[in-house]
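Okay, so here's the structure we're looking at.
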Amino acid sequence: MNIRKDISLLPYNTFGIDVKTKFFAEYNSVEELKELLQSDVVKSNPFFHIGGGSNLLFLSNFDGIILHSKINSIEVVEEDMLSVLLRVGSGVNWDKFVAYCVERNYYGIENLSLIPGEVGASAIQNIGAYGMEVKDTIKKVDFIDIETLKPKTFSNKECNYSYRKSIFKEELKGKVVITHVYFLLKKEPVYVLDYAHLKNAVLKNGEINLANVRKTVIEIRESKLPDPNDLGNAGSFFMNPIIPKSHYEELLRSYPAMPHYPVSETAVKVPAGWLIEQCDLKGKQFEKVAIYEKQALVIVNLGGATGEDIATVASLVQMTVKKRFGIDLVPEVNFIEKISPLSDS
Ligand code: EPU
């Protein structure tokens, strides 16, 4: 068990926030994770588990222990002519996993190419892009109950998935650690190309095949979203709000061109990026923080910003959108400040 002290979190958060954690530990197996969870350091300090750090905003130094999975296995559990069931370690880099599947002609996650982060977090966050959500391929999830140290498995249904949500972000938040995710992928061609102009973009690159879909999605993402290696960011800062249909219809009278996606008979999802752009915030700079010029849903660290600087700009965006549209924007990014020690929870 290797618990390190006073570690910089700069390599562990894509916002590029220069903070430290008092303790930091990585584990390679479920056994090592259990050992860590029983250690005095974990039991007596605030505790937080990170993935690729692509959805986090550290507001201060972290006065506790941060855990990170290095469970990096990919196993074929079952396979037939039509599908394959893979058991994937929580520490596997998400995009490497997508590349692995595309190379082997496994269908179902290619539209999720280049999303930063790791497999464990993908199952917490229900990552989604270009008409696909990871929940549609997750068969089940293995995790360790932090209090009892017992391994458990939840079926897809028990994970309670919806847009960017799961039981792991709600009732089970801070109570379990995901160790493996099972993905059921198809071996015969099924493409999801109806998002905006994705199909046309793929056809421009050649024929419709898995490698080409992946290539096209990567090109689109690279053209719209900043590379965290150049500009600190955490992708979409806010979730796209889901509003009552009556509110949407009222707004439509003033904004007939407002993009929207029906969610149910009574609710409509509207793109937060569009709302922010309407408020003339796109491309605006606030000292070391800016609203990204090519995608208003992304907040960027221009260099040297603190977590508080970014949080201040985020709340300005929220207030402006609320005032103009009467809509509350909810961050997709997790704000990390103080988290209770296990013994207090
Ligand atoms: N839009 C604007 N101005 C902007 C940005 C967007 O008017 O500055 C409009 C677009 O014109 C379009 C609509 O908003 O009509 C949707 O834009 P886009 O296709 O870029 O997607 P998004 O809704 O802004 C979501 C996800 C992204 C994902 C894309 C593509 C959320 C919170 N974000 O963004 O996910 O890549 O769709 O599927 O659902 C992430 O979660 O970090 C992320 C990048």
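Just so you know, ligand 1 is whichever comes first in the structure, and atom 1 is the first atom listed for that ligand.
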Would you call [X]-[Y] a salt bridge at under 4.0 Å N-O?
{"X": "Lys20", "Y": "Asp6", "result": "no"}
{"X": "Glu133", "Y": "Lys135", "result": "yes"}
{"X": "Lys187", "Y": "Glu79", "result": "yes"}
{"X": "Asp95", "Y": "Arg214", "result": "yes"}

Aromatic ring proximity Phe62/Phe23, centre distance under 6.0 Å: no
Set of residues that line ligand 1, where lining means a heavy atom lies under 4.0 Å from it: Gly128, Ala129, Tyr130, Tyr163, Arg164, Tyr195, Arg221, Lys224, Leu225, Gly235, Ser236, Phe238, Met239, Asn240, Pro259, Tyr261, Pro271, Gly273, Trp274, Glu277, Lys282, Gln295, Ala296, Leu297, Glu332
Qualifying residue for salt bridge (charged side-chain N to carboxylate O under 4.0 Å, His left out) with Asp145, from Lys175, Lys152, Lys34: Lys152
